[in-house]
Structure formats: structure tokens, C-alpha cells
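Everything on this sheet refers to the single structure shown next.
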Amino acid sequence: MRAPPVIHSEHGMDIYGSLNETQRKAVTHVQGPLLILAGAGSGKTRVITHRIAYLMFREYARPHNIFAVTFTNKAAEEMQNRVSSMIGPSGKSVFIKTFHSASVFILRLYGERIGIPRNFSIYDQSDQESVVKEILLRMKLDPKKIRPSMIVSKISEIKDRAELLQGANIDSMLPKYYNFNFTEIYEEYHRTLKSHNALDFNDLLVRTVELLQSSPETLDVLQSRWSHFMVDEYQDTNYSQYCITKLLASRSRNICVVGDDDQSIYSWRGADIRNILNFENDYPEAMVVTLGKNYRSTKPILDVATSVISHNSMRKQKELSTEREDGEPAVWIQANNEYGEAEFVINTIKTLKYRERFSNRDFTIFYRTNAQSRIFEDLLRRENIPYRVIGGLRFYDRKEIKDILAYLKFLSNPRDLVSLLRIINVPARGIGRSTVDRIRQIAGDESLSEWDVIRDTRITGKAGKSMAEFAEIIASLQALNTGVPGELPLSKFIDRVLSLTGYMKSLEDEDTFESSARIDNLNEFINGVYAFEMAVPGCTLDQFLQEISLYTTQEDPDENPDEAKNSVTLMTIHNAKGLEFPVVFITGMEEEIFPHRLCTDTDEGIEEERRLCYVGITRARERVYLTSAELRRSYTGVFHRDPSRFLLEIPDDLIMRDYYTSDAYMNPSPRFAQGYRAPQPARRDEEDEIEENGGGNGSTFRVSETVVHPKYGQGRIVRIEGSGDNCKLTILFGASKKVFLEKYTPLERI
DNA sequence: TACCAGTTGGTTTTT
DNA sequence: CCAACTGGTA
């Protein structure tokens, strides 16, 4: 271990000197409340990290006395790294987390005081939906008419709102037109989660507030633990988050919040802009510092951003200045269709790489909705340009990963019924629907848990035997998971889970490309666990699960393992907050898409979309390209698109407008193709067969031919089965294999 | 109980 | 276009 004290002071002094005057004021104001209004690119993260270093250097606080929260795991990680690189290894003991993981931390330690066992499960949206779906069925409501996802988002919305914690009753928070008993569903949902010993994402925050409010001892312990508080992105806090920080900081009053009302983009998640606007009312003695100097973008970029945001009426008037007077003008490209848009973006990337100093990692492509990423992925793949998608398809959404997590969650928390139902017959072990129904029936009748019934040997016969085997596997795994740190490392334990349950074997037996891809993913998962184990020595299964359940947007670890470091980045604008890139493309700048059609009803909705646009533009350091398409295809047809009102709000002299037309072939939609396809001549079934390749027949394709799929990109045909309309093509994309029905798949030959 | 072929419905952003 | 569900069959 290297002793850090000398490094502290030297670094502290050195960096302190490089701050501008307002930044310095913010860094050195360490006693009492502080509001930092930090415009885009004004060095906000620098200020936060320097402030932490300053607190320690001047001995106002020790690392473990500092509490800092951000919104995303990525931002928290980034901040932890930057703090560590400034103050050395002790940076690790600064408490830097997301609101949700800070809440989990508190609930794990003290939740028992309000009846939350330490090993609670965290339910994500799909877990929530399966709970709600069962409730609807039980209440004889049709899940097709009343969609579980809609109920879940309503439940979540209610828990995000301030009224709930202020004691309002549920009915008063509902729209009037519901023709079903929402409150009953709401209450049954919470009874169910309680019996599963599970919390959803909102509960993590709400229950933490409840704990802090109802248990003075808990509040006291935590107030003694932390003396200095920092909250990043304060404009995006909701009421629970506001309460948590307010309660914790109420003794020391050393609370520093950082935010920018122009970058508030989460009101749909309950974020309440009043939290930042009213900070000075909450803390009349607060000092306010405004960081108005932008160190990121060139003037042309900043001018465009300003011209857009100035159309919002509900904002604090402010100006951002920059010293980077020169720079390329912003560009608006109107493409003929979405394919042309993508082509323009990829061509521009290639050109800038070739003619200038840019490399892949300098580019980012933003879009409003995740579904828009596909066409860019396609073209990037076709051009062999490495890319990574942030937050799109989630690693943790994959079947095999959800399965292993369900095993682990159930082992940690045997009351977690959602997980039990997921794994009880995976791999198939002869416990089918009817058996499961019987188990649940008995459990309900005798108020036992389902796991109690399974362990009980009263069900006999074939099903009983399978159940006894399952019970034995689970029991032996539970015995292995002693919870004693260091006894059996977590990664080894998970290995045992995969082997003892037969999960790994069933994949090995399957022996297809797909199953081997799943095995790879599981190994990747175990690698991740191993890394976690190293970072948190002696961690328990409970601890691991609660961390991992919050890690929802981690990028796909096996996407581009070698090239990940120098890849083009694709993400939604929501994911882009806090980041910066030399070259930014904001795509799909069309009415109905951006602003999204569901947001155009109210002025508030439009203004939030406009802030989102502002966030997007201000990510750019050197260049910004705004693109729109005149025609865009959705799964329901091809539609004409008007340019986004945000584009029209930019004065002509601030943006260079141009057009781009792609004459590349656009695959017609299947419906269109079917309508116009000439009648198929009788197939010459036997003539062009390639026997050794499995007898490709009845297809217009040949085995081993290379084709391009609109979603998966380039692949090779490895098998052809059936003929005519039933012709199935098996195509290999990289490591994974997919089967398509030829008539529904618009494939292009290479 | 497991697997299949056919049908249906869905369009936002995320911890 | 695709995932998730349904109802039928082996």
C-alpha cells in the first residue's frame, strides 16, 4: 500500500490553481448549503471532484464522510474514478452512488426496522408486469384490454409523485375515467410484492424516505456518518430523492446541489424542477454560484443550442459564453428517407476520419427512441466500422442471463415467486403447468410459501418425484451458499448453480450456434461476477444481486470485445446527459419523432423535448449535424415527415442547410412486396440442390451465400429447409444463428 | 408436457 | 417487423 498524503496536497494545490474564479468559489465554499447552477459544459464534474478533494485536503471531511449521488451508474463510476485519480486510493471510500443504489445500501443496513428483510429482491419492469398480469387474471380482468405495462407505469408514476408521501390517497391521484378498480390492483400488487419479499425501483426510494422519517435512530446514525452531501443533476430529482437528501443533510446543512434547469429531461419520471428552483427557499442561507462559461463547444454550436432553448418560456434566463470563437457551422441535412439519413451519417464519419484527425471514438449518433438505432447499426456493420450501442438491447434482458439471475434471486430469497416460476422447469424437468398450478393452489389454501409446498413431499407420483429432485438441487445449493464471506467465491458458486441445476448441460446438449452463444454469455456473466468479487472482496450473494439489479444499462460485454475502445457510440439522447463528443449527429429531427408525438399535447411536453434537443446539441465539442428524413418507414407503413419545429426555430444564418438523396435500394415492406410479387412459378425442387449442404431447395438463395438482413446485418446462409412459402433459412451472423421464413425476410444479396 | 405454426398487437425517454 | 401469446398436435 502506498501512502497518499503527499499526493493529496500537491494535486490539490495544482488543480485548484487551474480553476476559474467562479469554479473556485464553488469548490471552496464547503460550510453550509451551496447551489451551483452549472450550464452545459461548464466544468460541473470538475467542480464536484475538486470540491471533494478540497474537503479532504483542507481536512473538512474524511473520505467516508462524503456522500455524493448522481443519476446513472455510468456517471457514478466516472466520478469515482476521477476522484480516485485526484486523491489516490482513499477515493474509493468516498460514498459515490446513484440514488437507487444509495437507497439499497441504506435499506440493507436498516430496512429491517420497517419490516424489510436484508435479502429483499429487486423487481424490474418485467417482474412487475408478471405480478400485475396474474393479479388481473385473478380479478377476472382481461390483460389484453388493460395492459399490465400500463398498470405498472401508473403504479410507478403514483409512487414518483410527491402527493403519495404527503399522505394523499390513491384514488385522488387517478384519472377519473378508469372503469376498473385501480386502487384494488395497486393494493394487491403491494401485498404480492410484500409476500415475495420484493421491492420495485420506486419502492427503493419511497421506502428509504419512510425509514428516515419513521426511525430517528436510523437518521441519527446516518447523519453522524455523513457530514457533506453532493447531489448531481439536481434538476432531475423527484420528491423522494429530494426528501432523502433533505433529511440526511438536515443536521449538517452542508449540502451542495448542482444542476441546470435547461437540462431537465426526466419530468416523466417524476422529476420536479421545483426542487432546484426552490433550493434557496429551503436553505435561505445558501450561496449560489452560476457557472456560465462553457469549456466544451465552439461558438457556432453554442449559438445553435441557445437559439433552440431560448424558445422555452419556463426557464431561468441565462447566457453561456465560450472562448472558442471559431468553429465549423452546424449543419442540417434533409435526407430523402431514413436510409439516406443513415447513409449520410456514415459517409460523413468516413470522410471526417479520412480528411481530418477524427477517429471512431469521436463520433456519436443520437436518436430519440431506441428503435431508431437499427439502420445505423446496419450500415456501420456493413462498412466494418466498430460501434457500441449504449442502453439498447440489454445484456441482462437475455434469456440465459435472466434465468441464472432468477436462480440466484430465488436462492437468496425463497419467497421470490416470480423467479421461482421462471426457473422451476428450466431446464425442462417435468414440472409443467398443471403441477405448478397444484403447488400454488396448496400454498394459497394453507398459507404456505410455494417453496414450502415443494419441499413438502406430499405430492406423489411422477410430478412429485420431479419436484423432490428440484427441491434437493435447490437445498444443496442453499447449503453451499452459506453467506460466510470467502467460503466459496461467488463466481465459483454460480458455476455450481449452472452445473447442479443441469442448466449448462442442457445448453451443451442442444449444441447449436444459439446455445453456444448462450454459453458464451453465461461465461461472460461469470467473468463479470469475478470482477465484482475482486472489487468487493467477501461480498455476499445478496449484496451482489442488489447491485446487479440496478445495473440496467450496462453495455453488452460481448458486442465488440476488441474494438470497444475505439468505436462509434450510439445512444438515445437521454443516455447522453453528462457526456461529450467531438462530433455529434442528432438524427430523426422530425415532427412526431422529435418532438415525439406523445409529447406534443402540452406546452410542458414540448418544452421538455426542446430541452432534450438542447442537451443533445450541447454534447458536441467540434461539430454538430442535425438530420431529418422526408420519408420514414415504420412497421405500419411509409410516411411523409415534416422537419422538426426545433430545426425551424434555428435562424438561417446559424445553420447550413443541405439535402442528401440516397438512390440505394430500399426494401419494400413485406405487405407491399406480397401485393406486387408476380405469381411464383412452380419450384424446380430437384434441379439446383446442393446435397452436401442439407439440400437447399425451393429457395431463391443458396447455402453458404452471404446476405444482408435489415436488423442483423451481414450473415451467411448455413441451412435451407422447406420450399415455397414455407422455406426456412438458417443464417449465421457472427456467433449467433437465426432462422427466418424466407417470405417474410427482406434479404439482400451481396 | 413440449413443441409448433399461426395470430396479434405494439409505437418514448430509464433507475 | 418482431416478440409474445395461443391453440393445436405429438
Side-chain angles (χ1 to χ4, degrees), chain A residues 69-76 97-104 122-126 129-130 133 143-145 147-150 153 156 159-160 199-205 233 236-238 240-241 265-271 366-372 374 390-392 394 397 399 425 427-436 462-463 466 549-554 571-577 588 592-600 605 608-609 611-612 615-616 632-637 639 667 669-671 673 709-712 722 725-726 728 738-741 744-746:
Chain A
V69 272
T70 64
F71 270 79
T72 63
N73 297 300
K74 216 187 325 163
K97 288 185 180 291
T98 64
F99 268 107
H100 288 82
S101 68
S103 300
V104 167
I122 297 171
Y123 276 5
D124 66 14
Q125 179 153 348
S126 71
E129 282 176 23
S130 62
K133 193 176 161 201
K144 280 196 176 134
K145 286 216 180 103
R147 282 188 296 124
S149 61
M150 168 261 175
S153 58
S156 161
K159 293 200 277 191
D160 272 337
L199 301 180
D200 64 27
F201 281 91
N202 303 291
D203 290 336
L204 298 175
L205 304 174
E233 311 283 7
D236 284 327
T237 48
N238 67 19
S240 321
Q241 292 163 331
I265 55 176
Y266 282 106
S267 72
W268 52 275
R269 220 172 73 189
F366 293 155
Y367 33 79
R368 177 63 178 81
T369 66
N370 282 305
Q372 290 164 249
R374 215 176 69 174
I390 306 290
R394 294 167 179 181
D397 277 349
K399 186 184 176 304
N425 202 31
R429 47 171 77 90
I431 308 179
R433 237 195 74 135
S434 58
T435 311
V436 171
K462 200 164 137 255
S466 318
S549 304
L550 298 174
Y551 234 82
T552 51
T553 57
Q554 194 189 45
M571 66 180 110
T572 63
I573 308 176
H574 281 90
N575 261 311
K577 208 163 63 155
E592 312 260 278
I593 290 189
F594 194 14
H596 196 274
R597 69 157 76 60
L598 299 179
C599 304
T600 47
E608 179 148 321
E609 295 286 289
R611 290 192 293 270
L612 193 57
V615 167
R632 183 176 294 271
R633 184 165 59 202
S634 72
Y635 65 89
T636 143
F639 297 101
N667 290 315
S669 69
R671 182 173 312 189
H709 184 274
K711 171 162 183 188
Y712 301 103
D725 271 355
N726 292 320
K728 275 195 305 191
K738 298 260 174 204
V739 181
F740 301 92
L741 229 41
Y744 291 119
T745 317

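Numbered from 1 within each chain, the chains take letters A, B, ... in sequence-line order. For the numbers below, each heavy atom of this structure counts, side chains included, while hydrogens, waters and symmetry mates do not.
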Look at [X] and [N] and indicate whether a side-chain polar atom (N or O) is within less than 4.0 Å of OP1 or OP2.
X	N	answer
Asn73(A)	dT14(B)	no
Thr72(A)	dT14(B)	no
Arg269(A)	dT12(B)	no
Arg633(A)	dT11(B)	no
Asn575(A)	dT13(B)	no
Thr369(A)	dT11(B)	no
Asn202(A)	dT15(B)	no

Query - Verdict with reasoning, Asn238(A) to Phe99(A), per side chain to side chain contact (heavy atoms under 4.5 Å, CB included) - result: CA-CA 11 Å; Asn238(A) 67 19; Phe99(A) 268 107; over 6 Å; no
Nearest to side-chain heavy atoms of [X], which nucleotide of [options]:
X	options	result
His596(A)	dA2(B), dT14(B), dT12(B)	dT12(B)
Ala428(A)	dT11(B), dA2(B), dT14(B)	dA2(B)
Phe201(A)	dT11(B), dT15(B), dT13(B)	dT15(B)
Lys133(A)	dT15(B), dC5(C), dT12(B)	dC5(C)
Leu598(A)	dT12(B), dT1(B), dT13(B)	dT12(B)

Looking for any heavy atom pair under 4.0 Å, which part of the strands does [X] touch: base, sugar-phosphate only, or nothing?
X	answer
Ser434(A)	sugar-phosphate
Ile431(A)	sugar-phosphate
Ala371(A)	nothing
Asn425(A)	sugar-phosphate

Query raised in the report: Starting at the 5' end of DNA chain B, which residue's closest nucleotide do you reach first, Thr98(A) or Phe639(A)?
Result: Phe639(A)
Report task. Anything under 30° is parallel, anything over 60° is perpendicular, the rest tilted; go ahead and classify Phe71(A) against Tyr266(A). Result ->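 Ring orientation of Phe71(A) relative to Tyr266(A): parallel.
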In whole Å, what is the span from the [atom1] atom of [X] to the [atom2] atom of [N]?
X	N	atom1	atom2	result
Asn370(A)	dA3(C)	CG	C1'	16 Å
Arg632(A)	dT12(B)	CZ	P	15 Å
Phe71(A)	dT13(B)	CZ	P	19 Å
Glu129(A)	dG10(B)	CD	C1'	12 Å
Arg611(A)	dT13(B)	CZ	P	18 Å
Gln241(A)	dT14(B)	CD	C1'	12 Å
Glu233(A)	dT14(B)	CD	P	15 Å
Asp160(A)	dT13(B)	CG	C1'	13 Å

Requested in this report: Apply side chain to side chain contact (heavy atoms under 4.5 Å, CB included) to Leu550(A) and Phe201(A), showing your working.
Outcome: CA-CA 8 Å; Leu550(A) 298 174; Phe201(A) 281 91; 3.6 Å; yes
Report summary line: For DNA chain B, the dot-bracket notation using Watson-Crick and G-U wobble pairs below 3.5 Å, [ ] for pseudoknot-type crossings and | for other-strand pairs, is ||||||||||.....
Query - salt bridge (charged side-chain N to carboxylate O under 4.0 Å, His left out) partners of Lys144(A), counting only residues at least two apart - result: none
Query - Residues in salt bridge (charged side-chain N to carboxylate O under 4.0 Å, His left out) contact with Glu233(A), at least two apart in sequence or another chain - result: Lys44(A), Lys577(A)
Query raised in the report: Step by step, would you call Glu592(A) with Ser634(A) a side chain to side chain contact (heavy atoms under 4.5 Å, CB included)?
Result: CA-CA 12 Å; Glu592(A) 312 260 278; Ser634(A) 72; over 6 Å; no
Query raised in the report: Does Phe99(A) lie flat on the base of dT15(B), that is, centres under 5.5 Å apart and planes under 30° off?
Result: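 Stacking is absent between dT15(B) and Phe99(A), given that the ring centres and planes do not meet under 5.5 Å and under 30°.
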Report task. May I ask whether His100(A) stacks on the base of dT15(B), given the cut-offs of 5.5 Å between ring centres and 30° between planes? Result -> no
Query raised in the report: Does any donor atom in the side chain of Thr369(A) or Gln372(A) lie under 3.5 Å from an acceptor atom in the other side chain?
Result: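 Looking only at side-chain atoms, Gln372(A) and Thr369(A) do form a donor-acceptor pair, the distance falling under 3.5 Å.
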Query - Inter-residue atom distance Asn370(A).CG - Asn575(A).CG, 0.5 Å rounding - result: 7.5 Å
Query - Integer angstrom distance from the C1' of dC5(C) to that of dT12(B) - result: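 Going atom to atom, C1' in each nucleotide, I get 24 Å.
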Report task. Using the P atom as the reference point in each nucleotide, state the distance between dT13(B) and dA4(C) in Å, no decimals. Result ->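 That atom pair is separated by 16 Å.
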Query raised in the report: If you look at every heavy atom in Gly588(A) and Ile593(A), which pair is closest and at what distance?
Result: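 Smallest heavy-atom distance, with atoms named: O-CG2, 3.4 Å.
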